[in-house]
2 protein chains.
Amino acid sequence: MRRDIFQGIADPTRRAIIALIAIQAMTPNTIAENFNTTRQAVSKHLRILTECELLKQEQHGREIYYSLEVEKMKEIDKWLEQYRRIWETRFNQLDTLLAKTKSRK
Amino acid sequence: MRRDIFQGIADPTRRAIIALIAIQAMTPNTIAENFNTTRQAVSKHLRILTECELLKQEQHGREIYYSLEVEKMKEIDKWLEQYRRIWETRFNQLDTLLAKTKSRK
DNA sequence: TATATGTGCAACCATTTGGTTTCGCAAACT
DNA sequence: AGTTTGCGAAACCAAATGGTTGCACATATA
């Protein structure tokens, strides 16, 4: 049972949950109201997201508030970094190419 | 059969393939040499990555070179953007908090 | 022309995934 | 105390996933 961020954000419903939660903390019932599935299905997604530490729980009486662990999202950003370097280099290459073409006129 | 970028990068082997390909274009056989699976298994991953447009093919005789479609990677960056705004805001809040604490001394 | 090589595709298999229904349990009302 | 409410856990199920082996088919090479 793999449980990393990439696995976490792979499912569209989970990405929707993340987007929802990002605005403000919510309880499973409130979250489930936004989807066409059962609360239990949403609960499963919440478990997966919590296990890969993208979400954190806060208990208030019998209610559990789920909120986004923004810091964890940075890990995706960190992973992207190496490729960002590539597309920025390519952009620079295009940039110097354009400069050359310009000066040639 | 879902086939989007998030699904594409969900598998660790596929992320490794992306990292490998990012440096230079490669044929399935060469790629497969880097993994403990069969060439066919790698071929399946290549198909998935190509279907979600993260990879592009270039045929040279009987060899097929796979290379990274860097532009497509930007879509993940674009998705991250909304959350980057959140963590930057939180950083700023921390920043102003620190400034306040400082000036109070 | 015969053979070797590089590749994709199909069939098959065990495991995982995403969903459901049913249940148990603690917290909050009446 | 009895009932409602919010939740997670378990059992079950169909579909998807990641792997395998075996095959077909071009393109090189002898």
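In what follows, every chain begins at residue 1, and chains take the letters A, B, ... in the order their sequences are listed. FYI, side chains are in, hydrogens and waters are out, and symmetry mates aren't considered; it's all heavy atoms of this structure.
- Following rounding to the nearest Å, A:Leu55 (CG) and D:dG8 (C1') show an atom-to-atom distance of 15 Å.
- Between B:Glu75 and B:Lys78 there is no salt bridge, since no side-chain nitrogen of the basic residue lies less than 4.0 Å from a carboxylate oxygen of the acidic one.
- Regarding contacts with the backbone of C:dT5, every side-chain N or O of B:Asn29 stays at 4.0 angstrom or more from both OP1 and OP2.
- A straight line from CD of A:Glu58 to C1' of D:dG6 spans 17 Å, rounded to a whole angstrom.
- At least one donor-acceptor pair under 3.5 Å links the side chain of A:Arg14 to the backbone N or O of A:Gln7.
- Rounded to a whole Å, the CD atom of B:Glu63 is 13 Å from the P atom of C:dT5.
- Contact detail for B:Arg15 and A:Tyr83: the closest heavy-atom pair is O-OH, 4.2 Å.
- Remark: B:Tyr66 is in phosphate contact with C:dG8, judged by side-chain N or O atoms under 4.0 Å from OP1 or OP2.
- The distance from atom CD1 of B:Ile9 to atom P of D:dG18 is 13 Å, rounded to the nearest whole Å.
- Spacing between atom CD of B:Glu51 and atom P of D:dG18 amounts to 12 Å, rounded to whole angstrom units.
- Comparing B:Gln57 and A:His60 by the nucleotide of DNA chain C whose heavy atom lies nearest to each, the residue mapping closer to the 5' end is B:Gln57.
- No engagement by B:Tyr65 is indicated, since no non-hydrogen atom pair under 4.0 Å with the nucleic acid exists.
- Residue A:Ser43 has no polar side-chain atom (N or O) positioned under 4.0 Å from OP1 or OP2 of D:dC7.
- Counting to the nearest Å, the P atom of C:dA27 and the CZ atom of A:Arg62 are 10 Å from each other.
- Atom CG of A:Leu46 and atom P of D:dC7 are 10 Å apart (whole Å).
- Remark: C1' of C:dT5 and CD of B:Glu33 are 13 Å apart, rounded to the nearest angstrom.
- Annotation for B:Arg3: atom CZ counts as buried by contact number, over 12 foreign heavy atoms lying within 6.0 Å.
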May I have the step-by-step check of side chain to side chain contact (heavy atoms under 4.5 Å, CB included) for A:Lys56 and A:Glu69, ending in yes or no? CA-CA 6 Å; A:Lys56 59 168 181 276; A:Glu69 198 74 83; 3.3 Å; yes

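- A:Leu80 and A:Ile5 fall within a single hydrophobic cluster, where Ile, Leu, Val, Met, Phe, Trp and Tyr side chains are chained together by heavy-atom contacts under 4.5 Å.
- The two residues A:Leu54 and A:Ile18 make their nearest non-hydrogen contact at CD1-CD1, 4.3 Å.
- In this structure, A:Phe35 reaches neither bases nor backbone, as no heavy-atom distance under 4.0 Å exists between it and the strands shown.
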Please encode protein proximity along nucleotides 10-21 of chain C as a string of B, S and -, counting only heavy-atom distances under 4.0 Å. -------SBBBB

